[in-house]
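As structure tokens, the structure follows; a few thoughts come after it.
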Amino acid sequence: MFERFRACWPKINHANYKPLDDTSMSHPVLQMLRSDVVPFLKSFLSAERSYIPREDYKEMIQLCLTVLGCPVNDHDQANSHYCFRVPGAYHMARWMAKVIYCLNFFLFRDEFKLTVSETKNLTEFCVFATHIYVSAWISCPMQSDAPINDLQLLARIDQYSEINKKIATAATNKIQNNLWYLGPELVWLALFSNKVANTEKKMMVEAMIAASSDASVRGIKFPPANVEQLKRTQLHELISSITTAALLSIGLDVALLNGINPENWSDCTHFQQATNVVKCLKVVNDTKKRSIALMTSFNQSITKPEAEMQKLIQVVKDNRERIPDSSKASLASAKMATK
């Protein structure tokens, strides 16, 4: 389907696109989700909100708004429509590329020939992606928001079961294996989030002090088998003794926050230093995925046959063994070995 669409692109009338018109759009749950998603996505396109790490993030946001039938630019009505881009590379390593392609497929369903089954599946995918997953994907690099974002995502998926039980179940099964930030070793990140209520932060501090500090009790990820409990769980209930120890590892003793209003935590020098540490954390493996995609593209540009690729890999391996680094000594040694 991806190759078909790319080949068909020059013939497509870019003015003839259709937003979502599925009958499910009138459902109260989707109406509520849409009212949250649209302003959230538009905030990323505003001048005040500069966090868009790459252009493909921006493209996905604009396509999502277009599918939802919203103008991309509220301040400039003359340029309120989205300017579609030429389909780029499709990589198995990049989920975002799949979303961008599928949103384009759906928007041009009257221009691009689709089977009945393809249209049905694309509609279901686009409804879920635009109302649930795109906003979660865009916000996931925000370190301090990771725990509360995961809780909110699970809650939205649970609500979505009223729309499509099959997709909601599949999404829950997928996310339950990636609940790193709801585990006791990383849930403390929520203390630095503006999305978490001050009352909840106070209860987290109290729970951490009550649990004391014990780095020997490990619990990196929330148990997948207990994912149903998260629908009735608050952040402070996920605290354990390792949480206090983990926070201490970045130089912040939770006892310093006890009795202080969370609004005034930023006045504490130790909290300021810990905040700077949190801002430097990488909570997604986006760089790794980009590297995989880049290497895949590079490999395909050199040779296509698998046999030739294996020979090329052996040559590279042999070269790395003979020249492990770029130091003068290694280069001189490799040069002497060839004589």
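The chain is numbered in sequence order, starting from 1.
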Say whether Asn16 and Glu111, considering side chains only, have a donor N or O and an acceptor N or O under 3.5 Å apart.
yes
When you check the gap from the basic side-chain N to the acidic O, do Glu206 and Lys202 get nearer than 4.0 Å?
no
Aromatic plane relationship, Phe40 with Phe44 - under 30° parallel, 30 to 60° tilted, over 60° perpendicular:
perpendicular
List the steps and the verdict of side chain to side chain contact (heavy atoms under 4.5 Å, CB included) for Val134 and Ile138.
CA-CA 6 Å; Val134 169; Ile138 294 297; 4.2 Å; yes
Phe128 atom CZ, over 12 foreign heavy atoms within 6.0 Å:
yes
Check whether any side-chain heavy atom of Trp188 sits under 4.5 Å from a side-chain heavy atom of Val278, and report yes or no.
yes
When you measure from the side chain of Arg4 to the backbone N and O of Lys113, does any donor-acceptor pair fall under 3.5 Å?
yes
For Lys165, give me all partners under side-chain contact (heavy atoms from CB on, under 4.5 Å), at least two apart in sequence or on another chain.
Ser161, Thr169
Measure the spacing between CG of Leu281 and OG of Ser144 and express it to the nearest 0.5 Å.
10.0 Å
Set of side-chain contact (heavy atoms from CB on, under 4.5 Å) partners for Phe5, sequence neighbours left out
Trp9, Ile12, Pro87, Tyr101, Asn104, Phe105, Phe108, Phe112
Gln152 meets the side-chain contact (heavy atoms from CB on, under 4.5 Å) criterion, sequence neighbours left out, with Ile148, Asn149, Arg156, Lys195
Could you pull out all residues at least two apart from Lys279 that satisfy side-chain hydrogen bond (donor to acceptor under 3.5 Å, both in side chains)?
none
In chain order, what residues pass the side-chain contact (heavy atoms from CB on, under 4.5 Å) check against Asp318, with sequence neighbours excluded?
Arg322
Sequence neighbours left out, cut at 3.5 Å: what donor-acceptor pairs do the side chains of residues 250-270 make with other protein atoms?
{"unit_1": "Asp253", "atom_1": "OD1", "unit_2": "Ala255", "atom_2": "N", "d": "3.1"}
{"unit_1": "Asn261", "atom_1": "OD1", "unit_2": "Glu263", "atom_2": "N", "d": "3.0"}
{"unit_1": "Trp265", "atom_1": "NE1", "unit_2": "Ile260", "atom_2": "O", "d": "3.1"}

Run the side chain to side chain contact (heavy atoms under 4.5 Å, CB included) test on Val99 and Phe125 for me, step by step, so that the C-alpha distance in whole Å, both residues' side-chain angles and the decisive distance to 0.1 Å come before the verdict.
CA-CA 9 Å; Val99 176; Phe125 176 83; 4.0 Å; yes
